[in-house]
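Values in this document were obtained by computation on a predicted structure and should not be read as measured data. Whatever order the structure lists ligands and atoms in, that order sets their numbers, starting from 1. One-based numbering along the sequence shown.
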Amino acid sequence: MADVKEKTIAKDPKLANAREASIDPATQEMLLRAQELKIDTVFDRAVTMKPCAIGLQGICCKNCAMGPCRLPLPKGGIDGEDTRKGLCGATANTICARNFIRMIAAGAAAHSDHGRSVAEVFLSVARKETQDYKIKDPIKLLDIAPHFGVATTVEVDGKTVDRDLDEIALEVAEAAYNEWGKPEGTLNYIKRAPQALQEKWKREGVEPRNVDREIVEIMHRTHMGVDQDYKNLMKQGTRAALADGWGGSMLATDLQDVMFGTPSPLQSEVNLGVMKEDHVNIIVHGHEPVLSEMIVAAAQSQEMVAYAQEKGAKGIQLSGICCTANEVLQRHGVPPAGTFLQQELAIITGACDAMVVDVQCVFQNLANVAKCFHTKLITTHPIAKMEQENVVHIEFDEHHAMEDAIKIVKMAIDNFQNRGAEVMIPRHKAAQIAGFGVESIRYHLGGSFRGDYYTLNDNIINGRIRGLAGIVGCNNARTKHNEEHIEIMKELIKNDVLVLTTGCSAIAAGMHGLLTPGAASVHCGPGLAEVCETVGIPPVLHLGSCVDNSRILLAATEVVKAGGLGNDISDLPAAGSAPEWMSEKAISIGQYFVASGVYVVFGYHMPLEGAPEFKDYLYQEMEKIYGGKWDCEPDPIKHAHKIIAHIDAKRKALGIDKARERVLMDMADRQALAME
Ligand code: BF8
């Protein structure tokens, strides 16, 4: 906290207190800078705008014009029968469930529409309608082809020969694109799940049919006067969430890997300090990497670097915010400038020559902040424009992708000379290793003789690794920026739990030094430290953006397949968490993990308190159906220990709890044992 001096902390009650707003010194410094310049940020608005108490409980229904009907819990709770109802008679359970699954629909739509855009670009590539994108990872293409029923070899004269790659690409592209709207059957990728899990989904009737249909059906069922049974509503919520995790998101990840390359571990830096005063700074922000991939190529081209130098800059510094940042980080090492809550602050440095946004998690207030500086704010997506006049719209089209990217990079370079005198870039940044995935975990934690995930499984079974936790998701201005993510991760790795992370949580982990192999000796318990030091990995593995949570599903499936830890994801000593969630996408992710058998703990708050019966259904009953369930715990240490208790219960059920006690004995204990 050394960087924020007492006298600089705002005394105005309408302004955020920098120390209470974030644990990150760069964020604190820039928040104070914003307040000095009288530019309001999300941190200040969180002080003056209080959340609606009824909405917070999840029991405000505005699905028809007889409402909004509000059903707050009576003070002192429900005594006897719950007689609350809206004008139509909708109960608190129905209203809360409708609201909850509408969040799933929005989250699944966001991930899956992103996936659709990627599938469209891939189809253009396969049809050879664009020259700007190529198939960078043919091995991944061959890996996924069988899931779409596309053969990779053919019999010729009694011999098996490889099929033409272009033919395979076209068939995969068409089949993949069809997943959004095919008229019959179920999604192809659900067959990638462990057999036991597939059987559960079949038994419950929640196998997703096609991506769009499941989202549309939520909107239908939650329309006034349709589905009035919270369990039946949640069934559809589950089906749509699965269509996201094992559908839209997984398709986005795979097709991006095929076109842009499957990530492998690489070194980079993170935080606002990656921006450079003497360089042209371009920040890419949002989620879809189809344009940012081209911007990386354009910004690194000799021609553009020379042009920047001509204009007086030393070079071009590209960085990112949110999940577009994670996409270009994991494939190119482009450093993230910050998380979701730092987007306004990146412009307030005065050194951002262009911020290029695509879809999701983009503050409309960026336009107001950009007005105070020279920054060009450029929207690029036809579905995501801004009303403010200072925003430039350059619509991206994959058919002339490079041309668009060069236009944007040039605009940023031309803007370099318009910078104001006062540039203030915080010096804070951290080194990190990112770019993990199913394949690299196999490489690092597989066995040289037995292959696959055996080494990881062996170390879970022998207890060096107590279990696995996926810590993912957003920042939320209602909680202290990054605090919960970091406290939870530190407590978990201290207790030998290997952490997999994505989204803004992963950016936070990098900012606070948890994504380096060196973090193992500083923060980990003895078992996890030994494994990390032996194989040279950080104790927290960065698996990419939020659509890449699908990588966690597949990594968990690989662990099941490797054997020795039960026959379903729900048997694993593993859990999921979104400590500072804010987006509807997080609810969709949470539900697809729960329905895949994972215990999921959210931080901050869940909009369920107004409907205790529905809440109980999610927190208790779900486990009997899918093996996974929801929970919420805002205190980070208690949150981590709920996860650890769950992991220990699973270890006990697997009969491997004693192994862990043995592996953690010190030398004296072992000698005593040998003498017995
Ligand atoms: O999709 S973690 S704030 S950036 S929603 Fe948004 Fe949340 Fe960040 Fe990535 Ni995910």
Side-chain angles (χ1 to χ4, degrees), residues 22 24 27 42-43 46 103-104 106-115 117-118 241 244-245 248-250 252-253 256 270-271 283-289 292 319-330 336-346 355-366 381 384 434 470-479 481-482 484-486 488-489 500-511 540 542-552 576-593 600 602-604:
S22 175
D24 165 44
T27 302
V42 62
F43 297 101
M103 291 176 87
I104 293 177
H111 283 147
S112 300
D113 220 26
H114 162 173
S117 295
V118 176
D244 174 359
S249 282
M250 202 174 273
T253 296
Q256 285 169 185
V270 53
N271 210 345
I283 296 186
V284 288
H285 173 17
H287 284 78
E288 288 182 11
S292 48
S319 58
I321 297 273
C322 284
C323 283
T324 294
N326 286 324
E327 297 285 1
V328 289
L329 164 68
Q330 60 180 344
T339 65
F340 170 69
L341 284 184
Q342 291 170 284
Q343 53 188 287
E344 291 162 308
L345 306 181
M355 184 176 274
V356 189
V357 303
D358 52 83
V359 289
Q360 301 166 27
C361 302
V362 175
F363 289 172
Q364 183 161 1
N365 197 54
L366 285 180
H381 207 291
I471 311 296
V472 307
C474 326
N475 290 134
N476 185 324
R478 302 288 176 199
T479 69
H481 172 235
N482 287 358
E484 266 109 280
H485 288 296
I486 301 308
I488 291 168
M489 286 181 192
L500 312 179
T501 182
T502 60
C504 289
S505 185
I507 301 175
M511 286 165 65
V540 178
H542 188 325
L543 268 75
S545 67
C546 289
V547 292
D548 294 333
N549 282 315
S550 59
R551 298 190 200 275
I552 300 183
S577 155
E580 301 177 26
W581 79 281
M582 65 85 206
S583 159
E584 291 161 314
K585 290 180 282 176
I587 297 291
S588 180
I589 294 167
Q591 184 58 29
Y592 72 63
F593 272 104
V600 171
F602 270 33
Y604 175 48

Does the side chain of Ile552 come within less than 4.5 Å of Val472's, by heavy atoms?
-> yes
A student checking ligand 1 against Met582 at a 4.0 Å heavy-atom cut-off should list atoms 3 (S)
Evaluate the criterion side chain to side chain donor-acceptor pair (under 3.5 Å) for residue pair His485 and Ser505; output intermediate values, then yes/no.
-> CA-CA 6 Å; His485 288 296; Ser505 185; 3.0 Å; yes
Please name all residues satisfying salt bridge (charged side-chain N to carboxylate O under 4.0 Å, His left out) with Glu288, sequence neighbours left out, ordered by chain then number.
-> none
Verify side chain to side chain donor-acceptor pair (under 3.5 Å) between Glu580 and Asn475, making sure each step is shown before the conclusion.
-> CA-CA 5 Å; Glu580 301 177 26; Asn475 290 134; 3.0 Å; yes
Could you tell me whether Lys585 and ligand 1 have an N or O pair separated by under 3.5 Å?
-> yes
Given His285, Gln360, His287, which has its nearest heavy atom closest to atom 4 (S) of ligand 1?
-> His287
Can you check whether Val42 reaches Phe363 side chain to side chain, under 4.5 Å on heavy atoms?
-> yes
Near atom 8 (Fe) of ligand 1, which protein N/O/S atoms fall under 2.8 Å?
-> Cys504 SG
Test side chain to side chain contact (heavy atoms under 4.5 Å, CB included) applied to Ser545 - qualifying residues, sequence neighbours left out = Cys323, Asn326, Glu327, Val547, Asp548
With sequence neighbours left out, write down each residue that passes ring-ring contact (aromatic ring centres under 6.0 Å, His included) with Phe43, or none if nothing qualifies.
-> none
